[in-house]
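Quick note on labels: first sequence line is chain A, next is B, and so on, each numbered from 1.
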Amino acid sequence: MIMAFRNVNRRCHMGLQQLSSLASIGRTLLGPVKSYKFIVDVSTSESVLTCSAVRLLESLDLTSAVGQLLNETIQAQNKDYKTGMTTLLFLVGAWSSAVLECLQQNVPFSLIVSVMSEGLNSCSEKIQCLQLSVHDLYKGSDSVPMHFGSSSLGVPEGLHSHQASPCDPHNRYLNSHLCTADYRTPLLVEPVGNKTMPVLPGSSLIASSCNKRTRLTHSRYFNTPGKSHCSLQVDNFGGPPTGPAACPYEFNDFGQLAMALSHGNQSSMKLVHDIVRCQQQVADHTGSFQFNIAEVLTCCLPGLAEHYSCVCPGYITLVSPEKATVTKKLQDRPLQILLVDGDLTEKYRHLGFNRPSNVRIISENVGLQESNSESLWINYVLDILIQAKVNLVLVKGNVCESLMERCILNNILIINPVTHNVLLAFGKGTGIQLVTYLSQVNSHCVGSSVWVDFWRTGDLSTMELDNKVPISIKAEGIHLVTAVLSSTVTSKMQVIEDRFWTCAYRLHHALTDQKVFPGGGAVELLCLSHLKKLEEQSLKQGDDKPSGDFYMSSCWLTKSFTQYKPVVLKALASGWHQYLSRVMCNTAHYASEFEASTSIEHNLKKAADCGSPSAYILKEFNKGDKVMVDFGLLTKREEAVKVYDNVTPKVEAWRRALDLVLLVLQTDAEIITGPKRNQLLNSHGSSEFIFL
Amino acid sequence: MSRIEAKKPSLCTNEPLTKERVSFSLSVLSGIVKSCYGPTGRLKQLHNGMGGYVRTTSQSSALLGGLSITHPVLKVLTASVQNHISRFSDCGLFTAILCCSLVENFQRINFAACTVTKISRHLLSLCTDYLKSEACGCRISVDFDSIKTLLSLVHSVLASKPACMLNKTEANHLSTLVLKAFLLTIPHTVETNVVLGKCVIVPVKDKRVMDSTVFPGLLIEIPESQLARTFPVIRVSSSTIKMALFCISLSGDLSNIGEGTVIVHHGISLEVAVLDQLLNLGKQLINDQVDLVVCQKVIHPSLKQYLEEHRVITIDRVGVSMMEPLSQMTGSQPIAALHSVSPTCYGSLKDLRTESFVSKNFLHLIPNDTLVCSLILCNRNEMAWDELKLACQTAEHVLQLTIKQPLALLGGGCTETHLASYIRHKSFTLPASVLKAIDCSRTQYQLVADAFSRSLECVACCLEHDDGEILTDMVYGHFWSVQSGFPSDCNWSDLVLKCGCGICSNQQNLNWTVLQSQCIPFTPQSCSNEPSVNSTDHLVLDCFTAKCSGLQVAVETTNLILDLSYIVEDQN
């Protein structure tokens, strides 16, 4: 029989133990202050630098069933929300060890499952009263200043010089400072700060704020650190300059919301905010505005100092020097564009086209070669392009090398590979259809009024990086915005890109949900206080009154609810408790989890004494203490900006984490089929398995 | 040079059931299915141990489909259960557990196989006769005037699949949706031949269960790009939309040229020839004023472009599962040829809209007379979604079976314990003439009947996975669970709360006893007149048809397994 059968449930639950130990690797990733991790492949000596749960799990070799389930859960959260994965990973760990403790106290499995899942449900309902409407935080678009003065879209004369002038004081916004000072980097000792930043001519603002020793104040868990925490105080361009005119954090608009959602990634959020302004500006021409994340792109420029990070309208991409010469010839004039949704090779056929295997081509002329057909095809394609007066072709897939060379000779610029999103945006903007084959080309497929130019830095110089040149492509009516991300440390590029997307999605979700939670642990604190109340209620309740909130399939379990309910609710609460204290520890304001835990208890008591915990928490939040769980430090003026959390991504991360733990809890056997069975039979661990 | 190898002789095993390996394998299989049973059943992770997809499940169809069983005795068992599942969807674990228990219990009494077979057949007929009679005390009739019983049936199916990860609100929401979807497939006018419509499940994974919903008509997912392309061109003015449905590929390839070699002269392009044919087809469709072209497979981009430029909406790659509902809903005949497209093949639609739903875009095909509906099913991850889909399909099938035979059995173990009491009682009162007809003594009959009852009770006991103890009452013969380790002198009615199906409560002063303890046989009463039948609480109900079949399959498979005297295996 090709089946091995392993009993998971021995005295201690193996699956849950695996889960808890796997999840524990993500503990230091929680909160705004993260420690980087190096993942090294021993066999190839390749290494990856990471500080996010998704990338961490992606890089690990998780072949165990539980590991795979964990990875799938994290990836699903990432696919949908791009935020909340670290919370998910941490809660999986905390809850699985809490459930293990319940098992040791002989709580029946089914009771753990139903009390925990209904308990989470009850908490999710309870915290709805904390939700804040986004409308209250974002007072409309009137107050949004225009920051693309020299780059007004839709005006052809301006199109080729889209970079804001260096004299523009707002340029500081655009060239946002992608600093990572708030990240403790054990291996990368020197955060890229002012040492590499050149003082731009005419930019007195930068010069004035350059030497200010500023502190990170807008992280979710961050308060002004004392002298003992000087490791966190880094000279930082991203910090708020003190002059009122230059303070970028005192927006009465979108910016306030965006910054409150940045959770310590101000520099990335700054870029997101700039994107919003950019899109808003385009929308001002057309009317309605919404933050459209589908039309946001990133372009990574590794090797370039971080202060070059900025937001540019249009599509920015890297091309080879040969193509750069074509670009040079094509700039400053409107171009004709063609969008190809496939490869540009002779042999390419659309998806679903099956090549017949039994067709033989015979020829009466001797000497007709295979290569001949390709050159015929190239001539044919080139003819079409020249006839249609196309100068620019965006191709989704591969392009035949010889065709590329011929096009360069004919001053036709081919860009590939281009994502589907970009093709669609250009299609939408110019009103043309995408083609799969060039034989389809007709007047509906060729767009006009497209401009190419070199991407320029603030001082209008062009760049060449690693033999690649960044160029920008713009068109009238196109809404694409590219965030240009740069870092001198190549291995950090991925981290910076991930962080940018997390910020973008946080804002996106806040706008989609139309509501946010007060941040800084407010929600978790309310959950803890709510669970405490439920626990007390269940202790008071009589034996014959099973709570209406809870649903049991087996009747005796309903009867023994009161006996076990407090234990299980405590286990559920311990997840959030650990979460809060871990975050507090990671921000280094608390020396130990014990100290943090005492502080949480203190706040819980104050909330309970107040009568209405939610009112207490909201009151504290509105007072300006953005951190509910008191971090024991003074509130300074800079903390006027509050911290918010996303609603749906957070609640979903909780639910997914608990679902995974409960799923593994209820699993009592692994059934392994296929060839692996024989390997197991001969392995050392074969006694763990039952072979059928 | 060919190598000749001597054939190995066949391996013959006699009395296979007495072999240790068989009984061990059987007990492992029985352990697996027993531990999965019911709403608190334990889950199993099915995977290949090498990083493949991990399926977590407790449903029989996924479980038995995932096990690769090679031993003939176990194969007989699983094959019969799988056959039952393919016909009825529900009660697969019940069948498997009952079969395993019957084999174990019958082996224990150690009678000649033929005697056991004869008596168990008679017992089976007693059971089925009883279940089908009006006097049956463990069934209720389903009233289609109210949705309560139907909802209970659906809810019982969904609640018994813990790997779906539904909480109470979600289970209620989905039960309502499944019932709603089912009601949409029932024709308004009832003729002699009632044909039910179709409910198509549209997958939306990684989303909240509460986002699930039902639409009348069909939803076909389309990319956002097509949404923008399609919608300014739709003809809303005409009252009906003419539609052509293709089941062949319109991708322009030559996949159906058959065997042998096609020889083509250089300079002649088969592809161009086929594309010309496709464009001719497009011309005909435009002449025939077709508004919508749907293709099961791929449409060539050039044909698509041509049609769209003439304001015809095209949808390709809808998949084979959509073909039947599409054809049923629109009245169109699937077209399987590029030429000779007859206008009679075209179908019609009342309207065409777009729906955006949890970040996906759908084309909503609204028929004139809707018997087809789409259930958009959401769950948080792929695995839970797979499990939920299976559960919803089972629930839908249960409703279909129930409309044919409007009866339901009491669930939660009550039918099994009730039936066991009935069999015990019957075996004591069986007339001698019957015993003579089946040629056995009363003692023999009673022993087999006892093993039979025990097996039924064993199935009921498998519902308990948390070390609770099972009681039964001496009036209705229902199933009651209590916490284990209760003091012997306590009042039983303080321990119990409700019976398994939820009809009886501890208020009634019933006489309880521990299940499977020796007690005086009694005739179990019917409680379908109890007031709680009409109360608002959900009862736990099982599908009548599926359970009856399961009972039959289990007994007959057991008889077959007991009858096995030799296994002959070809070793080559």
Side-chain angles (χ1 to χ4, degrees), chain A residues 1-3 5 63 65 68-69 72-73 76 79-80 108-110 117-118 121 350-356 358-363 368 424 428 433 435-437 439-440 444 551 553-560 652 655-656 659 662-663 666-674 676 680 690 692, chain B residues 25 28 32 35 39-40 42-51 54 56 66-71 159 162-163 165 167-169 206 225 228 249 251-255 257 260-266 270 297-298 300-302 305 309 380-382 464-466 468 480-483 496-498:
Chain A
M1 236 173 250
I2 321 162
M3 187 180 101
F5 172 79
T63 43
Q68 246 180 288
L69 287 176
E72 271 168 31
T73 311
K79 202 175 133 209
D80 265 19
F109 279 52
S110 316
S117 92
E118 295 300 327
N121 220 17
H350 56 275
L351 199 70
F353 182 96
N354 300 311
R355 237 169 268 275
N358 51 355
V359 172
R360 228 175 66 206
I361 296 169
I362 55 159
S363 163
L368 269 174
L424 288 181
K428 207 171 110 192
Q433 287 174 357
V435 295
T436 309
Y437 301 110
S439 58
Q440 288 175 265
H444 301 292
Y551 157 76
S553 47
S554 173
C555 291
W556 76 263
L557 291 171
T558 317
K559 288 207 68 124
S560 50
E652 276 300 289
R655 177 69 195 269
R656 283 171 204 256
D659 272 2
L662 298 182
L663 192 76
Q666 292 176 85
T667 304
D668 70 341
E670 255 179 82
I671 295 168
I672 301 159
T673 54
K676 180 77 179 178
L680 291 172
I690 302 168
L692 287 178
Chain B
S25 296
V28 172
I32 293 175
S35 62
T40 61
R42 302 289 183 252
L43 312 176
K44 305 285 170 281
Q45 286 169 343
L46 286 165
H47 63 112
N48 63 5
M50 295 191 296
V54 182
T56 310
L67 294 178
S68 35
I69 287 170
T70 47
H71 197 280
M165 301 308 287
N167 64 27
K168 193 185 178 184
T169 339
D206 303 332
S225 52
S249 169
S251 73
D253 59 10
L254 296 155
S255 50
I257 47 174
T261 310
V262 178
I263 295 172
V264 183
H265 279 278
H266 183 84
L270 285 179
K297 294 169 183 170
V298 176
H300 194 286
S302 297
Q305 186 189 21
E309 279 171 7
R380 282 180 181 78
N381 58 51
E382 177 153 11
E464 178 57 56
H465 298 280
D466 292 292
W480 304 76
S481 69
V482 293
Q483 190 164 10
V496 296
L497 189 70
K498 256 183 176 182

Given that the side chain runs from C-beta out, which part of B/H465 has a heavy atom under 4.5 Å from chain A: side chain, backbone, both or neither?
-> neither

Is the shortest distance from a Lys or Arg side-chain nitrogen in B/R380 or B/D206 to a carboxylate oxygen in the other one below 4.0 Å?
-> no

Go through the steps to decide whether A/I671 and B/Q45 satisfy the test side chain to side chain contact (heavy atoms under 4.5 Å, CB included), and finish with yes or no.
-> CA-CA 6 Å; A/I671 295 168; B/Q45 286 169 343; over 6 Å; no

Residue from A/R355, A/E72, A/R656, A/E652 scoring the most non-hydrogen pairs under 4.5 Å with chain B is A/E652

Select one option (side chain, backbone, both, neither) describing which atoms of B/E309 are under 4.5 Å from chain A's heavy atoms.
-> side chain

Region of A/Q440 that comes under 4.5 Å of a non-hydrogen atom in chain B | both

Has the side chain of B/Q305 got a donor or acceptor atom that lies under 3.5 Å from a matching backbone atom of B/P301?
-> no

Best-contacting candidate, A/K79, A/R655, A/H444, against chain B by heavy atom pairs under 4.5 angstrom | A/R655

Give the member of B/T169, B/L270, B/N381, B/L46 that has the highest number of heavy-atom pairs under 4.5 Å with chain A.
-> B/L46

Verdict with supporting geometry, B/S25 and B/H71, side chain to side chain contact (heavy atoms under 4.5 Å, CB included) | CA-CA 9 Å; B/S25 296; B/H71 197 280; 5.7 Å; no

Evaluate side chain to side chain contact (heavy atoms under 4.5 Å, CB included) for A/S117 paired with B/M165, printing each intermediate quantity in order.
-> CA-CA 9 Å; A/S117 92; B/M165 301 308 287; over 6 Å; no

Sort B/T56 into side chain, backbone, both or neither according to what part of it lies under 4.5 angstrom from a heavy atom of chain A.
-> side chain

Proximal component of A/D80, with respect to chain B [non-hydrogen, under 4.5 Å] | side chain

B/S251 (side chain) donor-acceptor with A/G352 (main chain) under 3.5 angstrom = yes

Any sub-3.5 Å donor-acceptor pair from B/D466's side-chain atoms to A/F109's backbone N or O?
-> yes

Using non-hydrogen atoms only, which part of A/Y437 is less than 4.5 Å away from chain B: side chain, backbone, both, or neither?
-> side chain

Under 4.5 Å from a heavy atom of chain A, the part of B/V298 involved = side chain

How far apart are the C-alpha atoms of A/S110 and B/R42, what are their side-chain angles, what is the distance that settles it, and do they pass the side chain to side chain contact (heavy atoms under 4.5 Å, CB included) test?
-> CA-CA 10 Å; A/S110 316; B/R42 302 289 183 252; 4.2 Å; yes

Residue part contacting chain B, namely of A/L69, when any heavy atom lies under 4.5 Å | side chain

